[in-house]
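First comes the structure, then the notes that go with it.
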Amino acid sequence: MAVLFSFFPDKLSLLFWAGALVCAAVCGIRFNNMLDGTCYPLQLWLFWTLGFLFFLAGAILPWRKIRFCIRYFLFLIFSMELVLQVLALFGLLPHLNIAHHTPYARIYNSEEGHGNDMMNRYGWHYSEFRFRKDAQRVAIIGDSFVDALQISKQEHMGTRLQQLLENSCPGKYDIIATGYSGKGPQHYLEILRYDKEYFDIDTAITVHFSGNDFRNASKGLEQYNSNTTGHYFAYELAPDGNIFLSAKDKDNARRFRHFLEANHKPLSFYRLVNMAESHLLLHRVLTRISKSVSLRNSKQPPAVKGTLSQQDAMQHIHDRVYDDDSATGFIFREPRPPEVRDALEICTKLYEQMSAYCKAHNIRLIVVIVPNLNTPWYDFVYRYGWRTSFPGVNMTAVQTDLSQALLRQGIAVKDFMPSFQDLVNTRGKEGVQTLRSLFFRGGTGHFTPLGHTFCATVLYDSFFKADCEKNTGTSP
């Protein structure tokens, strides 16, 4: 008893031992993850390791002054965390992005718009999935444009589409959204298979963003991709024209699928740890501050003052594309670089594989193509009218070629660029302003709530309206 009392002389020591035990368990789980090849941020590893050491020191050190200092320091950390939680509750934390695809994990995004919510039971940023007995299930698949961390679930394109469908053909469709930020068409193929197996979907809508999906899918453009850890894998183009994954990429694809499937199991300690981590803010705020300091020294595009002549405006578009260090600008270059031609072929082959899978499982496949537009292009169109082809640059050629290739394969495609062109041609400068309002960051970011509504309306008009009106007996 005396020995036991030496370890737990008071209730506070008992709490410190409990904290040390929890931190040790988390460190053990994360160490096992790293041995298994799963990416884990170094900052979080240090956070839990330091937490273990502080809790342990506070529990066992015999010197009262040292124990008091440690306990005071931990109290200070808890107080700071509490203050941050209150600020986050009211949406007052700026420039912070938190998201983890774990059931009920925290979402907080104030870099664009404002998202302050939780993932659903299956780890997706969407309302709890509804599965009515006689309803057809429609899955919207994509990257951060479908993940939509910048807005509330009620403003999501899937929710808006559900509302349009309920108004015209109640009970016929149930919409779900399985978007995963930072992923590409190679992941969409895995998510499609996952959606069929776990949700038995009838229709799949994949949202292809030209700004990074060509880059993400191709191993040849890996040097332009800053997100090549964790569940990253990309395809390569074989000499015979087929696509393949290396052994390492096959293993990463398997891990990605396993990660999604694990969210359907009962909530394990590992999942609870992920969920708890997503709700902690202090270490994320400190990480964000360190990144902000480094960004101050990063290269920023030069600002353009005054009104440019048409020739200078075209040159500005050219300079922005050729000064861009990522494949976002790389894919716009003309003549088309060989790496971009390969990326286009890989994306085409991936969507053909999706089409073959959908035909084998009686799924309707729809591919939506969202263009990537930059600020100099908006400025040019605002002053001089619609144009997408410039000396050495074509803003739409790659996505147009993808759209035509998919149409030749009998895949339903909706390229948003013609809709954008109609908007600008019919409404002029007001149309350009409206177009920019569909995206955050002055037209260069993710969809705003208005953009999600626009997307849902276009999807409804293009692929569901006629069927709903036919079934309800309403004339088009």
Side-chain angles (χ1 to χ4, degrees), residues 22-23 25-48 51 81 84-85 88-89 93 96-111 115-129 139-144 146-153 156 158 176-183 187-188 190-191 193-195 197-199 227 229-233 252-285 287-288:
V22 171
C23 289
V26 174
C27 286
I29 289 175
R30 295 316 187 188
F31 183 70
N32 181 69
N33 294 154
M34 287 190 287
L35 290 178
D36 192 41
T38 303
C39 174
Y40 188 68
L42 179 62
Q43 298 94 329
L44 286 178
W45 170 261
L46 293 175
F47 174 81
W48 287 109
E81 177 69 31
L84 292 174
Q85 292 290 344
L89 181 65
L93 288 179
L96 193 62
N97 185 8
I98 300 172
H100 197 289
H101 283 270
T102 292
Y104 308 119
R106 175 71 174 270
I107 299 167
Y108 188 90
N109 189 304
S110 54
E111 293 181 337
N116 195 358
D117 213 326
M118 289 196 304
M119 297 290 183
N120 66 15
R121 168 60 185 86
Y122 302 112
W124 300 105
H125 182 220
Y126 197 69
S127 302
E128 292 298 334
F129 294 162
I140 304 177
I141 302 168
D143 62 355
S144 50
V146 179
D147 208 4
L149 304 175
Q150 304 79 19
I151 61 170
S152 71
K153 296 174 183 177
H156 194 283
I176 67 173
T178 48
Y180 204 124
S181 297
K183 306 309 178 189
H187 294 91
Y188 307 161
E190 298 300 324
I191 295 174
R193 293 166 175 162
Y194 155 85
D195 283 346
E197 180 176 345
Y198 285 89
F199 305 126
N227 184 23
T229 56
H231 300 129
Y232 170 80
F233 60 94
N252 284 341
R254 178 190 60 80
R255 294 179 194 278
F256 176 66
R257 178 66 183 271
H258 174 72
F259 178 85
L260 300 181
E261 292 172 342
N263 286 339
H264 290 257
K265 298 177 181 178
L267 296 180
S268 62
F269 180 71
Y270 166 69
R271 293 290 161 182
L272 291 174
V273 166
N274 284 339
M275 181 178 69
E277 278 185 347
S278 72
H279 287 266
L280 298 176
L281 296 173
L282 180 59
H283 62 289
R284 298 181 185 275
V285 171
T287 301
R288 178 62 193 178

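One-based numbering along the sequence shown. Just so it is clear, the model here is predicted, and its values are computed rather than measured.
Under the rule for a ring-ring contact (aromatic ring centres under 6.0 Å, His included), the partners of Phe256 that lie at least two apart in sequence or sit in another chain are Tyr180, His187, His231. For the salt bridge (Lys or Arg N to Asp or Glu O under 4.0 Å) test, residues two or more places apart in sequence or in another chain that qualify with Asp117 are Lys153. Applying the ring-ring contact (aromatic ring centres under 6.0 Å, His included) test to His264 and every residue at least two apart in sequence or in another chain returns Tyr122, Tyr194, Tyr198, Phe199. Under the salt bridge (Lys or Arg N to Asp or Glu O under 4.0 Å) criterion, Glu197 pairs with Arg257, sequence neighbours left out. The salt bridge (Lys or Arg N to Asp or Glu O under 4.0 Å) test applied to Arg193 returns Glu190, not counting sequence neighbours. Asp147 is linked by a side-chain hydrogen bond (donor to acceptor under 3.5 Å, both in side chains) to His101, Ser181, counting only residues two or more places apart in sequence or in another chain. For Ala105, the side chain to side chain contact (heavy atoms under 4.5 Å, CB included) test picks out His100, Thr102, Met119, Ser278, with sequence neighbours left out. For Asp195, the side-chain hydrogen bond (donor to acceptor under 3.5 Å, both in side chains) partners two or more places apart in sequence, or in a different chain, are Thr178. Among residues two or more places apart in sequence or in another chain, the ring-ring contact (aromatic ring centres under 6.0 Å, His included) test is passed with His125 by none.
The backbone N or O of Leu280 sits nowhere less than 3.5 Å from a side-chain atom of Glu81 that would complete a donor-acceptor pair.
Rounded to the nearest 0.5 Å, atoms CZ (Arg255) and CG (Leu260) are 14.0 Å apart. Between the CD atom of Gln85 and the CG atom of Leu281 there is a distance of 4.0 Å, given to the nearest 0.5 Å. From His258, atom NE2 reaches atom CG of Asn252 across 13.5 Å, with rounding to the nearest 0.5 Å.
Checking each of Asn97, Leu96, Ile98 against Ser110 for a side-chain contact (heavy atoms from CB on, under 4.5 Å) leaves exactly one that passes, namely Leu96.
When all heavy atoms are compared, the tightest approach of Pro103 to Asn263 is CD-OD1, 3.2 Å. Between Ile191 and Ile141, the shortest heavy-atom contact is CG2-CG2, 3.8 Å. Nearest approach of Ala88 to Asn116, heavy atoms of both residues: O-ND2, 2.7 Å. Nearest heavy-atom pair, Leu149 versus Ala99, reported as atom, atom and distance to 0.1 Å: CD1-CB, 3.3 Å. Minimum interatomic distance between Gly142 and Tyr188 (heavy atoms only, all atoms of both residues): C-CE2, 3.4 Å. Closest approach of Lys183 and Asp143 over heavy atoms only: O-CB, 3.5 Å.
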